[in-house]
Asks: 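Take a look at this one; I'll ask things after.
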Amino acid sequence: MNTTLQKPVAAAKKDSKLANNWKTKSAEELSDAEVLAMPDSEYMNDKQLAFFRLKLVRLKQDIHDNAGQTTETLREDTVVVPDPADRATIEEEHALELRTRDRERKLLKKIEQSIARIDAGDYGYCDETGEPIGVGRLLARPTATLSLEAQQRRELKQKMFGD
């Protein structure tokens, strides 16, 4: 069994042409590539924090919108179907939809915690090591609380010890 931790094969590359775009744009106008291109010395500056807050708020709003659509879909689909196979298919689709919403509910809690971390000034730094999580990781998972290395250690520990 190979237990060595491996780094991701292709890390996100900074585009030097975009490196200074953040200085003239508001957080709403910034793209992921422009935030990624910011110099490391500007890590978690006011613009980055505003950018990630906006990203989290939009994600939260999308989840709320999806929840409303789910309610409407379930309400519309509750017709009596005499065929047991059709009824089973509809029930399975409803169960899948509800499982998805349950996952989104848990994500909503993490989004709220991430927004609170921005307010507290802790956002973007690993809970275990205190090191920067990294803009690339936060773009991929805005609710991340661990650096990539700390997350890999935790997953390896869980795999080995069933923690």
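On a predicted model such as this, the values are computed, not experimentally measured, just so you know. Position 1 is the first residue of the sequence, and the numbers go up from there.
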Asks: What residue pairs, at least two apart or across chains, pass ring-ring contact (aromatic ring centres under 6.0 Å, His included) with a residue in residues 111-132?
Replies: Tyr43-Tyr125, Phe52-Tyr123

Asks: Do you know the tightest heavy-atom contact between Ala150 and Cys126?
Replies: CB-SG, 3.7 Å

Asks: Please enumerate all residues that pass side-chain hydrogen bond (donor to acceptor under 3.5 Å, both in side chains) together with Glu155, with sequence neighbours excluded.
Replies: Gln151

Asks: Under the side-chain hydrogen bond (donor to acceptor under 3.5 Å, both in side chains) test, which residues partner Asp102, sequence neighbours left out?
Replies: Arg105

Asks: Do the non-hydrogen side-chain atoms of Phe51 and Leu139 ever get within less than 4.5 Å of each other?
Replies: yes

Asks: Does a side-chain heavy-atom distance below 4.5 Å link Asp127 with Arg117?
Replies: yes

Asks: Nearest 0.5 Å please: distance from the NZ atom of Lys106 over to the CD1 atom of Ile63.
Replies: 13.0 Å

Asks: Using side-chain contact (heavy atoms from CB on, under 4.5 Å), reason through Thr129 and Glu149 one step at a time and then give a plain yes or no.
Replies: CA-CA 10 Å; Thr129 65; Glu149 293 80 14; over 6 Å; no

Asks: Does Glu34 reach the main-chain N or O of Ser31 with its side chain, forming a donor-acceptor pair under 3.5 Å?
Replies: yes

Asks: Would you call Lys47 and Val35 a side-chain contact if the rule is heavy atoms closer than 4.5 Å?
Replies: no

Asks: Could you list the residues that satisfy salt bridge (Lys or Arg N to Asp or Glu O under 4.0 Å) with Asp32, not counting sequence neighbours?
Replies: Lys55

Asks: Using the side-chain contact (heavy atoms from CB on, under 4.5 Å) criterion, which residues pair with Thr143? Sequence neighbours excluded.
Replies: Leu56, Leu107, Lys110, Ile111, Ser114, Arg141

Asks: According to side-chain contact (heavy atoms from CB on, under 4.5 Å), who are the partners of Glu97, at least two apart in sequence or on a separate chain?
Replies: Thr70, Arg101

Asks: Hydrophobic clusters here meaning ILVMFWY residues chained together by side-chain heavy-atom distances under 4.5 Å, can you tell me if Val57 and Ile118 are in one?
Replies: yes

Asks: So, for Ala144 and Ile133, which heavy atoms are closest and what is the spacing to 0.1 Å?
Replies: O-CD1, 3.5 Å

Asks: Does Asp46, at its CG atom, have more than 12 non-hydrogen atoms belonging to other residues, nucleotides or ligands within less than 6.0 Å?
Replies: no

Asks: Test of understanding: with side-chain contact (heavy atoms from CB on, under 4.5 Å), list the residues that count as partners of Arg154, not counting sequence neighbours.
Replies: Glu128, Leu146, Gln158

Asks: For Met38 and Val135, what are the C-alpha separation, side-chain angles and deciding distance, and is it a side-chain contact (heavy atoms from CB on, under 4.5 Å)?
Replies: CA-CA 9 Å; Met38 285 182 174; Val135 174; over 6 Å; no

Asks: I'd like to check the side-chain hydrogen bond (donor to acceptor under 3.5 Å, both in side chains) partners of Arg87; sequence neighbours left out, ordered by chain and number.
Replies: none

Asks: Measure the spacing between CG of Leu148 and CZ of Arg153 and express it to the nearest 0.5 Å.
Replies: 10.0 Å

Asks: Suppose we screen for salt bridge (Lys or Arg N to Asp or Glu O under 4.0 Å). Which residues come up paired with Glu28, at least two apart in sequence or across chains?
Replies: none

Asks: Same cluster or not: are Ile90 and Leu96 linked, directly or through other Ile, Leu, Val, Met, Phe, Trp or Tyr residues, by side-chain heavy atoms under 4.5 angstrom apart?
Replies: no

Asks: How many angstroms lie between OG1 in Thr89 and NE2 in His94, if you round to the nearest 0.5 Å?
Replies: 11.0 Å

Asks: Applying side-chain hydrogen bond (donor to acceptor under 3.5 Å, both in side chains), can you list everything that pairs with Arg53, at least two apart in sequence or on another chain?
Replies: Asp119

Asks: Could you grab the distance from atom CG of Leu138 to atom OG1 of Thr145, nearest 0.5 Å is fine?
Replies: 10.0 Å

Asks: Using the side-chain contact (heavy atoms from CB on, under 4.5 Å) criterion, which residues pair with Glu29? Sequence neighbours excluded.
Replies: Lys25, Ser26

